[in-house]
Number of protein chains: 2
Amino acid sequence: MKVLPEKTVERLSEYRRALIKCLDSGQTHIYSHQLAKLLNLTAVQVRRDLMFIGYSSLQRKGYDIKALVDLIVSILDAKEGLNIAVVGMGNLGTAITSYFTGKRSRLNIVAVFDIDQKTIGKAFNGIACYNISELKKMVQEKNIKIAILTVPPNVATQTANDLKEAGIAGILNFTTVPLHIGEQIYVEDYDMVTSIEKVAYFVKNK
Amino acid sequence: MKVLPEKTVERLSEYRRALIKCLDSGQTHIYSHQLAKLLNLTAVQVRRDLMFIGYSSLQRKGYDIKALVDLIVSILDAKEGLNIAVVGMGNLGTAITSYFTGKRSRLNIVAVFDIDQKTIGKAFNGIACYNISELKKMVQEKNIKIAILTVPPNVATQTANDLKEAGIAGILNFTTVPLHIGEQIYVEDYDMVTSIEKVAYFVKNK
DNA sequence: AATATAGTGTTATATAAATAACAATTTGTT
DNA sequence: AACAAATTGTTATTTATATAACACTATATT
């Protein structure tokens, strides 16, 4: 299968969680318009996304939820799972770590990093915090592929370079600093200042 | 001026912050390609965005940074500022609150809410935490227009309804729960599970 | 058995966003 | 003064995404 559109990937992630909820409540089949309603989408959108991933329903009985979830799993998740590190254990890093751990998933936070001696050595939801100077060593040792970057802005660029150096393949960047880091590393930025300013603008103008 | 494209609004927020940094370092003018480079964009993209907001440079001298910032301010910010509440003071709510306060801006967090008696009454970065049952009263009293929603998933829907009832105009939704809340309220969703799964997918497939 | 209904899968169209193309303008250079 | 270089503002094109249109199929209904 060729690479999916970004937006479809995003929705697949959402479909999966919605579908798992349905499964948990005993539902076995679902129509496109039902799934659409759960996520505030249209039925066409759902069907089109499922077309992209080549899933077919039993005509007129809706989609087999279990089978669909399995398919999404096979598309989104790496077979052996992917190891993740959180870099920068301030409030946000801590929040994210506690948010992710416990959720059964093939994405595992296996290490967290900080620069502060008071934080290093502590455990966050059972995950050890290492000195950021050990980044390269630990990334290799624990086969970490993705970093969630939650350091203060003034060290963001340097840390991103360290991550590149360490051989990371993807970064979820929560700092407000744009990273100039080349094409080899997949970077997804999330800027909450922008988000809130956007809400403010559209509240004002809609 | 008519309503701007979403993506342009997002970039305006980023332009502003980058430009303020330039100002702080004493720079007075900037070329489109310089600004583009700061944010990993192209010069054309920058010029097109500035076209949308009707800004003109002094030909061949680049943009007057101060004037441009003022223009962006006039577009993005409400004249009197907009008051914000954070609802749900777990790790994430706390992180966001400390992240936003102190930043001089016309977006002010003026109240935070929680349901836990141990949290209610505490101050977060100097902002009082109220019982969520006082939502409506406080929203009116403090003229709160926007809510940042960081409650646990099981109470997300109910809380969103309470916010609607209280007269909120916009929500930045950090819960993973889709809100079915009608058109009157502008909702911006951010789902970090989706974000990280997206990074994982593209790391695997690019 | 013929017809209607509800739902799907896919192609076609519309909208949004990014990129490219280029004329216009100012400054510098000969 | 003529020309080249750099940069802008805008229109045109391309690409990405969402929406609409519709033929197809299984089931239900008469």
Side-chain angles (χ1 to χ4, degrees), chain A residues 1-15 19 22 27-65 67-68 71 178 183 186 188-189 194 198 201-202 205-206, chain B residues 1-15 19 22 27-65 67-68 71-72 178 183 188-189 194 198 201-202 205-206:
Chain A
M1 188 190 306
K2 68 164 175 284
V3 72
L4 299 167
E6 283 205 27
K7 297 291 177 185
T8 295
V9 172
E10 291 178 14
R11 282 187 298 265
L12 286 177
S13 165
E14 287 156 25
Y15 294 152
L19 291 170
C22 293
Q27 194 179 352
T28 62
H29 292 76
I30 193 167
Y31 295 124
S32 59
H33 65 264
Q34 294 177 306
L35 181 51
K37 189 163 189 198
L38 288 174
L39 301 177
N40 286 329
L41 303 170
T42 65
V44 194
Q45 179 94 79
V46 170
R47 294 207 300 275
R48 213 156 189 300
D49 285 333
L50 299 196
M51 196 192 87
F52 275 125
I53 64 172
Y55 188 71
S56 285
S57 72
L58 306 158
Q59 283 271 19
R60 290 255 0 218
K61 294 204 169 167
Y63 302 97
D64 178 324
I65 301 180
L68 183 49
L71 179 59
E183 298 298 299
Y186 183 89
E188 168 87 5
D189 296 294
T194 293
K198 189 177 162 193
Y201 174 82
F202 285 109
N205 291 285
K206 263 198 174 166
Chain B
M1 189 192 306
K2 68 162 171 288
V3 71
L4 299 167
E6 282 205 27
K7 298 291 178 185
T8 296
V9 172
E10 292 178 15
R11 283 187 296 267
L12 286 177
S13 165
E14 288 156 24
Y15 293 153
L19 291 169
C22 293
Q27 194 179 350
T28 62
H29 291 76
I30 193 166
Y31 295 124
S32 59
H33 66 265
Q34 294 178 307
L35 181 51
K37 190 162 188 200
L38 289 174
L39 302 177
N40 286 328
L41 303 170
T42 64
V44 194
Q45 179 95 80
V46 169
R47 294 207 300 276
R48 213 156 189 301
D49 285 333
L50 299 196
M51 196 191 88
F52 275 125
I53 65 172
Y55 187 72
S56 286
S57 73
L58 307 156
Q59 284 269 19
R60 291 258 357 219
K61 294 203 169 166
Y63 302 97
D64 178 324
I65 300 181
L68 182 49
L71 179 58
I72 295 175
E183 297 297 301
E188 169 87 5
D189 296 295
T194 292
K198 188 177 162 193
Y201 175 82
F202 284 110
N205 292 286
K206 264 199 170 163

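Computation of the quantities below employed the complete heavy-atom set of this structure, encompassing side-chain atoms and omitting hydrogens, waters and symmetry-equivalent molecules.
Taking the six-membered ring where the residue is Trp, Tyr55(A) and Tyr63(A) present tilted rings, their angle falling between 30° and 60°.
Across the protein-nucleic acid pair, Leu35(B) atom CG and dG9(D) atom C1' stand 16 Å apart, rounded to whole Å.
Summarising the geometry of Phe202(A) relative to Glu6(B), their closest heavy-atom pair is CZ-CG, 3.8 Å, with the distance given to 0.1 Å.
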- Footprint string (nucleotides 8-21 of chain C, 5' to 3'): B base within contact, S backbone only, - free, heavy atoms under 4.0 Å: BBBBB----SSBB-
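Note that CZ of Arg48(B) and NZ of Lys7(B) are 15.5 Å apart. Values are rounded to the nearest 0.5 Å.
Remark: side-chain polar atoms of Tyr15(B) are not paired, donor with acceptor, to backbone N or O of Ile72(B) under 3.5 angstrom.
Remark: Asn40(A) engages His180(B) in a side chain to side chain donor-acceptor pair (under 3.5 Å) (not counting sequence neighbours).
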